[in-house]
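Reading through the structure tokens given below for one structure.
Remember, predicted model here, so these are calculated numbers, not experimental data. Here is the naming used below: chain letters follow the sequence lines, and residue numbers restart at 1 for every chain.
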Number of protein chains: 2
Amino acid sequence: MNIGEVSKRANLPAKTIRYYEDVGLISPERRENGYREFGEVELNKLVFIGHARALGFGMSECRDLLALYEDDARESAEVKKIARNHLVQIEEKIADLQRMHGTLSDLISACAGDERPNCPILNQLSAS
Amino acid sequence: MNIGEVSKRANLPAKTIRYYEDVGLISPERRENGYREFGEVELNKLVFIGHARALGFGMSECRDLLALYEDDARESAEVKKIARNHLVQIEEKIADLQRMHGTLSDLISACAGDERPNCPILNQLSAS
DNA sequence: CTTGACCTTCCAGTCACTGGAACCCCTATC
DNA sequence: GATAGGGGTTCCAGTGACTGGAAGGTCAAG
């Protein structure tokens, strides 16, 4: 399988797949002409990484998850630990964004949004 | 005022203030010895930028807000428009994160998290 | 006169790609 | 055989918003 085919099947840009090779997540074979040759194993890894990235896992977490995925003697506790840590990060980000959302929507409500210069949003931003 | 003093007062790292000068958000005077000299105007701008960044506005939005802040003939409608656009971005990010949170917490619940290798989290990630 | 805190510039690294240039390979058609 | 196109390859640079560190200049106190 060429990179174009695996790109479609894993739903990842070819550039991204080359990048994943660069950083050592995958190691596809090479043909005589220099083209990468992907087998089912590499495709599965790419699908796996794509899903993990879509859940917001960082590259180092993907690396760890991939290692566990390939380790028949893994303990599911290890996977769960990584997932729970990530869940906490997500919750912190959501909390941050919700705090911003609350403040900002209050300010937007307070702003007339007309042709006059007076603006509670700017007032709040410049308040010390 | 030296950069250290303004750093404390605006609650921004000195490195960040220098960076803001690099990208043209502020233009403090220079003393004979090469040190930056900050006045109240520059301090106010930095406080303003700090608050805008804390609400998640990007640098180009900060630039636009700062220009409006300094424009006596502004219309609050312009400020409100920028703020509303940003609010939408925040809402999209929250929605993304909540989707991840939902999927991930379901998977975590389904995972025994013990010494056995079977793991619904890995199963889901590798599913095509 | 030295110490230490503060200031300066510049370069490199972060994260996870992404865009572009320049070039090679393979197949099909004229 | 020439050519056109749609693959593929490498390498370099840029993104956003800083951040760390090195190497060195400045200033006030003891």
[N] phosphate, OP1 or OP2, under 4.0 Å from [X] side-chain N/O:
| X | N | value |
| --- | --- | --- |
| A:Arg36 | D:dT10 | yes |
| A:Tyr19 | C:dC15 | no |
| B:Asn33 | D:dG25 | no |
| A:Tyr35 | C:dC26 | no |
| A:Arg53 | C:dC17 | yes |
| B:Thr16 | D:dA17 | no |

Whole angstrom value for the distance that separates [atom2] of [N] from [atom1] of [X]:
| X | N | atom1 | atom2 | value |
| --- | --- | --- | --- | --- |
| B:Arg31 | D:dT26 | CZ | P | 13 Å |
| A:Glu5 | D:dG6 | CD | C1' | 15 Å |
| A:Gln89 | C:dC15 | CD | P | 14 Å |
| B:Ile17 | C:dT8 | CD1 | P | 10 Å |
| B:Arg30 | D:dT26 | CZ | P | 14 Å |
| A:Ile3 | D:dT10 | CD1 | P | 9 Å |
| B:Lys8 | C:dC7 | NZ | C1' | 14 Å |
| B:Leu25 | D:dG16 | CG | P | 13 Å |

Quick check for you: among D:dT9, D:dG20, C:dT9, whose closest atom lies nearest to any side-chain atom of B:Arg18?
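Shortest atom-to-atom distance from the side chain points to C:dT9.
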If you look only at distance, which donor and acceptor atoms sit under 3.5 Å apart when one is on a side chain in residues 20-27 of chain A and the other is two or more places apart or in another chain?
unit_1, atom_1, unit_2, atom_2, d
A:Glu21, OE1, A:Arg30, NH2, 3.4
A:Glu21, OE1, A:Arg36, NE, 2.4
A:Glu21, OE1, A:Arg36, NH2, 3.2
A:Glu21, OE2, A:Arg30, NH2, 3.4

Does A:Arg99, at its CZ atom, have more than 12 non-hydrogen atoms belonging to other residues, nucleotides or ligands within less than 6.0 Å?
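For A:Arg99, atom CZ is crowded (more than 12 foreign heavy atoms under 6.0 Å).
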Heavy-atom closest contact (A:Asn118 atom, A:Asn123 atom, distance)
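For A:Asn118 versus A:Asn123, the nearest heavy atoms are OD1-ND2, 3.6 Å.
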When the axes are fitted on five pairs at both termini, how much does the helix from C:dC1-D:dG30 to C:dC30-D:dG1 curve, in 10° steps?
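Computed from the C1' atoms at both ends, the axes differ by 30°.
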Under 4.0 Å, heavy atoms only, any strand: does A:Phe57 hit a base, just the sugar-phosphate, or nothing?
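Result for A:Phe57 = nothing.
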Pick the nucleotide of DNA chain D nearest each of B:Ile49 and A:Gly34; which residue has the one closer to the 5' end?
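Nearest nucleotide further toward 5': that of A:Gly34.
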Show the numbers, then the answer: is there a side chain to side chain contact (heavy atoms under 4.5 Å, CB included) between B:Leu107 and A:Leu55?
CA-CA 11 Å; B:Leu107 290 174; A:Leu55 286 179; 4.3 Å; yes
Under the side-chain contact (heavy atoms from CB on, under 4.5 Å) test against A:Met1, which residue among A:Glu42, A:Lys8, A:Glu40 passes?
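Of the listed options, the one satisfying the test is A:Glu40.
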Output every pair passing side chain to side chain donor-acceptor pair (under 3.5 Å) with a member in residues 9-19 of chain A, not counting sequence neighbours, ordered by first then second residue.
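The answer is A:Glu5-A:Arg9.
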Any donor-acceptor pair under 3.5 Å from B:Ser76 side chain to A:Pro117 backbone
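Checked: no pair found.
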